[in-house]
Visitor: 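Can you keep this structure in mind? I'll have questions shortly.
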Number of protein chains: 4
Amino acid sequence: MATAKQNTKRRQEQIAQATLALVAEHGLAACNVAAVARRVGLVPSALYRHFRNKDHMLDAAVEVIQSKLLDNVRAVCARQTHAIERLHDLLQQHVQLIKKSRGIPQVIFSPDFYVDRPQRRARVCDGIRQYLAAVADMIREGQATGTIRPGLDAETAAVLFLGLVQPSAVLWNLSSGKFNVARHAEKAWPLFVQILTTG
Amino acid sequence: MATAKQNTKRRQEQIAQATLALVAEHGLAACNVAAVARRVGLVPSALYRHFRNKDHMLDAAVEVIQSKLLDNVRAVCARQTHAIERLHDLLQQHVQLIKKSRGIPQVIFSPDFYVDRPQRRARVCDGIRQYLAAVADMIREGQATGTIRPGLDAETAAVLFLGLVQPSAVLWNLSSGKFNVARHAEKAWPLFVQILTTG
Amino acid sequence: MATAKQNTKRRQEQIAQATLALVAEHGLAACNVAAVARRVGLVPSALYRHFRNKDHMLDAAVEVIQSKLLDNVRAVCARQTHAIERLHDLLQQHVQLIKKSRGIPQVIFSPDFYVDRPQRRARVCDGIRQYLAAVADMIREGQATGTIRPGLDAETAAVLFLGLVQPSAVLWNLSSGKFNVARHAEKAWPLFVQILTTG
Amino acid sequence: MATAKQNTKRRQEQIAQATLALVAEHGLAACNVAAVARRVGLVPSALYRHFRNKDHMLDAAVEVIQSKLLDNVRAVCARQTHAIERLHDLLQQHVQLIKKSRGIPQVIFSPDFYVDRPQRRARVCDGIRQYLAAVADMIREGQATGTIRPGLDAETAAVLFLGLVQPSAVLWNLSSGKFNVARHAEKAWPLFVQILTTG
DNA sequence: AATGAATGAGAATTCATTCAT
DNA sequence: AATGAATGAATTCTCATTCAT
């Protein structure tokens with residue numbers, strides 16, 4: 001039962017990850033302090049040395065998601081230069097993220113996270129907007145270099161890009177993993193490319 | 001305080017609606033038996049004459065959503081005959097449903113509804129599949145009558161149809177109603193038509 | 001364990017009394033919800049049907065004290081007409097109250113009751129002021145009828161009247177009941193009469 | 001954050017004073033080990049090098065009060081020789097003590113200090129008895145030198161002396177400092193002198 | 001069919017205290 | 001002598017549910 005002592009920085013990370021994993025796997029309701037503590041290998045009260053209260057743990061969990069999303073954007077931008085390639089790569093990364101950290105998008109879309117918690121709502125809203133803005137930027141770059149047709153509204157297309165993966169993520173979850181997210185993405189991608197290019 | 005006695009059928013409807021409204025407006029966590037009872041105008045213990053337990057109330061709430069979605073399908077099929085018109089109409093109905101019964105889609109996508117409740121999960125999954133199947137049917141009908149290009153995969157396009165509205169619904173919720181769902185739908189619709197028609 | 005059901009009015013009284021008794025006998029720190037419940041013969045959570053929270057229980061306990069003090073005043077006024085007799089009677093009632101509801105005055109003087117609870121502080125302060133005002137009124141009546149010397153400041157004498165019993169109450173408590181409050185009151189009373197009459 | 005190391009004797013004094021100050025200012029409930037440590041400028045666990053446990057810290061705090069009271073007695077005896085002057089001086093010192101170290105008397109009268117702590121109770125009881133004995137001695141000295149009337153019971157008068165200041169101390173606390181303790185003492189003093197002298 | 005009292009299982013949080021460093 | 005992490009007990013409060021009336 002006794003775990004080796006770790007410093008607060010390390011523990012905070014562990015707790016944030018455990019919180020996120022619990023919410024993703026068993027839902028917000030099942031994510032209680034005792035369960036988080038068990039997962040970290042501590043006693044419930046021990047968590048309060050590292051976080052003021054449960055709310056702060058959930059905030060930290062949200063941060064983890066945000067950074068993963070934006071990490072994807074950065075990685076893709078570093079890896080690809082061509083706009084459409086970038087978008088394709090990002091789509092695949094997003095799919096991987098969903099499959100790896102199961103349920104992360106659902107966490108974001110879970111209203112219970114936000115009711116009576118306007119700051120967190122604003123925080124997440126901002127994170128998604130940043131993601132959308134990054135996608136829109138990629139599209140505009142493509143327009144600038146002539147690979148994407150100029151008439152297209154970048155913002156609308158960016159939201160649609162999210163729509164490429166979001167419904168299938170939901171289906172994947174509801175079907176307990178039977179729906180093939182990656183395959184749907186592969187099949188939907190050409191349709192999206194058509195929107196980007198054909199006019 | 002004393003409410004006129006109502007027969008069980010009527011009460012069950014009231015309770016299901018109250019449950020749904022509460023979840024939609026304040027989240028699953030805020031939807032407790034006492035709150036539902038208050039909304040119906042009864043005392044908590046009174047609900048147990050009409051439902052075995054809270055879980056059954058939530059099941060009833062899910063039914064309400066399902067039927068609203070399928071009602072939309074039926075209404076649209078009755079009203080429109082042209083495939084693309086039908087899809088356009090359905091899109092608008094969906095947007096209306098989201099704006100009217102605020103957050104209903106989020107309820108469906110709320111993982112807390114399903115964890116450790118495989119029957120409910122299956123039920124909702126089935127409901128969405130039916131909705132998707134109906135959309136795919138519309139597309140196939142369009143292909144049969146020549147208004148939609150034959151090469152298109154109906155299932156993939158149906159999921160994409162959901163993606164037309166789902167991300168914007170999330171944005172609408174997160175932004176506390178500032179994001180304009182209807183306008184996004186209007187702007188995204190031509191892009192979807194392009195997928196349906198241009199080859 | 002199962003206790004016969006009682007209506008809320010009755011339960012509130014029982015809870016207030018149990019709370020007061022606990023504080024008086026074992027101190028504020030020992031007065032937790034579980035202990036109160038045990039004393040009433042209920043389960044802790046049952047108390048929350050009758051009181052919003054522990055604070056409201058403590059408020060009710062304070063009310064009980066207040067009313068006992070003012071009941072004494074009323075009873076004495078009804079029983080005696082002569083000012084000095086009244087004061088003597090009130091002194092004896094006060095002594096009885098202390099011995100019967102052991103520690104009540106200590107409750108009033110316990111600072112933990114008031115920290116960060118300004119309303120309660122004001123409430124108790126008001127109660128004591130009323131008691132003091134009643135005593136001062138008795139003194140002024142004595143002055144009007146000529147049994148108490150006119151030069152005496154009624155307010156000062158009223159506070160001193162409290163001083164007749166308060167220190168001995170403390171000593172009684174600290175000495176675990178060995179200090180004889182009644183005897184001290186008897187011996188101190190002539191000294192107070194001297195103040196009232198001799199000029 | 002790191003505090004210079006101090007020897008235990010010095011630390012014990014600091015801790016006792018901090019404990020007392022906390023109880024006096026915010027009540028016994030707010031006086032937890034963490035708060036004491038913060039006030040001293042240490043970390044909670046550090047206190048346990050200087051005191052076996054919290055109880056011993058509270059005992060030390062009680063000692064501080066005791067010695068302050070008896071210091072007053074000694075100082076007054078050194079300063080004044082005439083009995084009545086001594087008592088007047090002591091009264092003023094007591095009033096000063098109350099105003100300076102806000103709430104110290106209340107600490108003494110706080111039952112939570114004593115419940116289930118018979119040794120502490122006995123200790124405080126003894127301290128007050130010593131104080132009372134000192135006052136009674138002053139009175140008897142006055143009787144020996146003829147400045148106080150011989151018929152007066154010294155013990156009863158000593159308790160009454162406490163009553164001169166105690167109720168007003170309570171009122172001062174409850175009224176959040178609005179009640180004027182010093183003025184009441186001034187006005188009550190002549191009445192007490194009357195008891196001491198007039199027969 | 002509806003009410004109001006009661007229950008019991010948890011939930012979050014606080015706090016004194018211990019222990020390795 | 002002092003720190004920071006960890007523990008375990010206690011406490012307040014919430015909530016689904018049962019039961020007698």
Side-chain angles (χ1 to χ4, degrees), chain A residues 1-8 10-11 29 31-37 40-55 57, chain B residues 1-8 10-11 29 31-37 40-55 57, chain C residues 1-8 10-11 29 31-37 40-55 57, chain D residues 1-8 10-11 29 31-37 40-55 57:
Chain A
M1 201 157 286
T3 312
K5 293 190 181 184
Q6 306 277 336
N7 67 28
T8 279
R10 181 96 189 78
R11 282 293 190 215
C31 172
N32 53 48
V33 179
V36 175
V40 178
L42 287 179
V43 119
S45 62
L47 303 193
Y48 289 83
R49 164 156 287 267
H50 309 292
F51 284 97
R52 188 191 290 277
N53 56 29
K54 187 185 170 182
D55 243 55
M57 301 178 206
Chain B
M1 202 156 288
T3 312
K5 297 188 180 186
Q6 308 271 337
N7 67 37
T8 279
R10 180 92 192 82
R11 281 293 190 213
C31 172
N32 52 49
V33 179
V36 173
V40 178
L42 286 179
V43 120
S45 60
L47 302 192
Y48 288 81
R49 176 153 292 259
H50 308 292
F51 284 98
R52 186 196 292 278
N53 57 29
K54 187 183 172 183
D55 243 54
M57 303 179 206
Chain C
M1 203 157 286
T3 312
K5 293 190 181 183
Q6 307 277 334
N7 66 29
T8 279
R10 178 97 190 78
R11 282 293 189 215
C31 173
N32 53 48
V33 180
V36 174
V40 177
L42 286 179
V43 119
S45 63
L47 303 193
Y48 288 83
R49 164 156 287 267
H50 309 293
F51 285 97
R52 189 191 290 276
N53 55 30
K54 187 185 169 182
D55 242 55
M57 303 178 205
Chain D
M1 201 155 291
T3 312
K5 296 189 181 185
Q6 308 272 337
N7 67 36
T8 279
R10 180 91 192 83
R11 280 296 190 211
C31 173
N32 52 48
V33 179
V36 174
V40 178
L42 286 180
V43 119
S45 60
L47 303 192
Y48 287 81
R49 177 153 291 261
H50 307 293
F51 284 96
R52 185 196 292 277
N53 57 27
K54 188 184 173 183
D55 242 54
M57 303 179 205

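Just so it is clear, the values below take in all heavy atoms, side chains as well, and ignore hydrogens, waters and symmetry mates.
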Visitor: For the residue pair His50(C) and Thr8(C), what are the closest heavy atoms and their distance?
Guide: ND1-OG1, 3.0 Å
Visitor: Would you say His50(D) reaches dA2(F)'s phosphate, i.e. side-chain N/O to OP1/OP2 under 4.0 Å?
Guide: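 So the side chain of His50(D) is within the cut-off, an N or O lying under 4.0 Å from OP1 or OP2 of dA2(F).
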Visitor: Search all heavy atoms of Asn32(B) against all heavy atoms of Ala35(B) and return the closest pair with its distance.
Guide: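 Closest approach of Asn32(B) to Ala35(B), heavy atoms only: OD1-N, 2.8 Å.
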Visitor: Where is the tightest heavy-atom contact between Val33(D) and Tyr48(D), given as atom of each residue plus distance?
Guide: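 Heavy-atom minimum between the residues: CG2-OH, 3.8 Å.
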Visitor: Let me know the distance between CG of Leu42(C) and C1' of dA6(E), rounded to the nearest Å.
Guide: 7 Å
Visitor: Heavy atoms only: give me the nearest Ala34(A)-Pro44(A) pair and the separation to one decimal.
Guide: CA-CG, 4.0 Å
Visitor: Can a side chain N or O of Arg49(B) be found less than 4.0 Å away from OP1 or OP2 on dA2(E)?
Guide: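 Answer no for this pair, as no side-chain N or O of Arg49(B) is under 4.0 Å from OP1 or OP2.
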Visitor: Would you please enumerate the stems DNA chain F participates in, each stem being three or more consecutive Watson-Crick or G-U wobble pairs with both distances under 3.5 Å?
Guide: E:2-21 with F:2-21
Visitor: What does nucleotides 14-21 of chain E look like as a protein-contact string, B for base, S for sugar-phosphate only, - for none, at under 4.0 angstrom between heavy atoms?
Guide: BBSBBB--
Visitor: How close do Leu47(B) and Ala37(B) get, counting heavy atoms only, and between which atoms?
Guide: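 In terms of heavy atoms, the two residues are closest at CD1-N, 3.9 Å.
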Visitor: Given dA6(E), is OP1 or OP2 found less than 4.0 Å from the side-chain N or O atoms of Arg11(C)?
Guide: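 Result: yes.
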Visitor: Using whole Å, what does the distance between atom P of nucleotide dT3(E) and atom CD of Gln6(C) come to?
Guide: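 Gln6(C) atom CD is separated from dT3(E) atom P by 22 Å.
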